[in-house]
Amino acid sequence: MPLAPGSASARTIGMGHRSVRGMVQVKGASIAHESTLERDLLTILDFLPSAQRVRGQPITIPFRDPITHRPRRYTPDVAVEFVGPNAAQPSAAAATPMIYEVKYRADLMAQWPRLKPAFLAARAYAREQGATFRILTETEIRTPLLANVTFLRPYLRRAEHDGFEETLIATLMAYEEATPEIVLLACFSDEHSRLQALPHLWRLLAQGRIEADLTLDLTMKTPIWVAEDEATTWSDPHSYALRPLVRSAAERRRIASPMRSISTAS
């Protein structure tokens, strides 16, 4: 998507009655936000490997107001490219460019007459650029996915423990699909070891080496499986008698793309 070069925002963050200004690290870059709702979206995008080239306030779109006929400008909140398998060539990555406006539902309804022309201009611009424009509210952002991302992110800072993590992956490979509870019980006979290993299971999930449907509540009974890339590394026919996949590879890829609900046109 040919956006303006560089990483600078196209608008200056101002203050409003819901403004909570700040900066958040996304893919190693600092991006400004002007509400906690924007911050929550950026937190999700930073966590997801499929979200690439995340930009805050990326472009300014000029348009003419249909009522006053005066020139106006509109700057969306976030632009991002999602990278995933290409349907035509599954081995190739296809980029899905998205442009987002982030608004609380109450503000969106109250300001709709003024905002609608800007959003129509953004939708037209996005189509010209081969992208999709979407409006996201707390309904789309503050979901179990956000809760799961918030829970899992700290585990990325935990030190690796080869013994625990190799045991967890090898056991889950043998099951093909299980739950955290079942994997821990299968790996360790004593509760102390299970409690020590649990943070490393969450670390594997945060890293994407183990996968689950993160759009649902994450519990000890959540179905989990070894990620496809990790399974390829670990699949040794001399070590494991693997049963047929409980889920097809295509179904696993679909479930493991938790932003699918907001990374496609509505």
Side-chain angles (χ1 to χ4, degrees), residues 1-46 48 50-83 94-143 146 259-266:
M1 178 172 55
L3 299 176
S7 59
S9 297
R11 75 164 182 257
T12 301
I13 298 293
M15 289 295 291
H17 75 286
R18 288 184 185 264
S19 293
V20 180
R21 296 188 295 176
M23 305 290 291
V24 63
Q25 287 290 312
V26 182
K27 312 296 183 184
S30 293
I31 296 181
H33 63 79
E34 56 185 349
S35 72
T36 57
L37 194 58
E38 282 186 37
R39 181 200 62 198
D40 291 345
L41 173 62
L42 292 170
T43 298
I44 293 172
L45 295 176
D46 179 59
L48 297 178
S50 60
Q52 302 292 325
R53 294 189 62 194
V54 182
R55 299 267 311 281
Q57 295 85 45
I59 48 173
T60 294
I61 302 168
F63 66 99
R64 189 168 295 277
D65 189 288
I67 304 298
T68 65
H69 303 291
R70 293 180 177 177
R72 287 176 57 189
R73 296 188 305 170
Y74 165 62
T75 302
D77 292 311
V78 177
V80 57
E81 289 186 5
F82 289 94
V83 178
T96 304
M98 302 294 299
I99 300 174
Y100 292 130
E101 172 67 23
V102 180
K103 276 280 187 291
Y104 289 96
R105 291 185 67 85
D107 292 344
L108 184 64
M109 296 176 64
Q111 302 171 24
W112 182 250
R114 182 178 63 83
L115 294 173
K116 182 178 178 180
F119 294 162
L120 291 175
R123 185 172 67 176
Y125 171 87
R127 285 176 177 171
E128 291 173 359
Q129 305 301 318
T132 300
F133 173 75
R134 287 203 63 186
I135 304 165
L136 301 180
T137 70
E138 62 270 29
T139 300
E140 291 78 29
I141 296 174
R142 289 180 174 162
T143 64
L146 175 62
M259 285 292 279
R260 63 188 180 272
S261 62
I262 70 170
S263 63
T264 57
S266 57

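Heavy atoms only: backbone and side chains are in, while hydrogens, waters and symmetry mates are out. One-based numbering along the sequence shown.
- Between Met98 and the choices Val80, Leu136, Leu45, Val78, the side chain to side chain contact (heavy atoms under 4.5 Å, CB included) rule is met once, by Val80.
- The distance between the ring centers of Phe133 and Phe119 falls below 6.0 angstrom.
- Residue Tyr104 comes nearest to Ser35 through the heavy atom pair CE1-CB, 4.3 Å, listed as atom of the first residue, atom of the second, then distance.
- Counting only heavy atoms from C-beta outward, the side chains of Leu115 and Lys103 approach each other to under 4.5 Å.
- Side chains of Pro97 and Gln129 form no contact here, defined as non-hydrogen atoms less than 4.5 Å apart.
- Contact of the Asp46 side chain with the Val24 side chain is not registered, since no non-hydrogen atoms from C-beta on lie closer than 4.5 Å.
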- Task: Test side-chain contact (heavy atoms from CB on, under 4.5 Å) on Thr36 and Arg142 and set out the steps.
- Result: CA-CA 11 Å; Thr36 57; Arg142 289 180 174 162; 2.9 Å; yes
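- Between Pro76 and Ile61, the shortest heavy-atom contact is CG-CD1, 4.2 Å.
- Annotation for Thr60 and Pro62: closest pair O-CD, 3.6 Å, computed over non-hydrogen atoms.
- For Arg73, the CZ atom counts as loosely surrounded, since its 6.0 Å shell holds 12 or fewer non-hydrogen atoms of other residues, nucleotides or ligands.
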- Task: Show your reasoning for whether side-chain hydrogen bond (donor to acceptor under 3.5 Å, both in side chains) applies to Ser30 and Gln25.
- Result: CA-CA 5 Å; Ser30 293; Gln25 287 290 312; 2.4 Å; yes
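- Within a 6.0 Å radius of CE in Met23, other residues, nucleotides and ligands contribute more than 12 heavy atoms.
- When all heavy atoms of Leu146 and Ile141 are compared, the closest pair comes out as CB-O, 3.5 Å.
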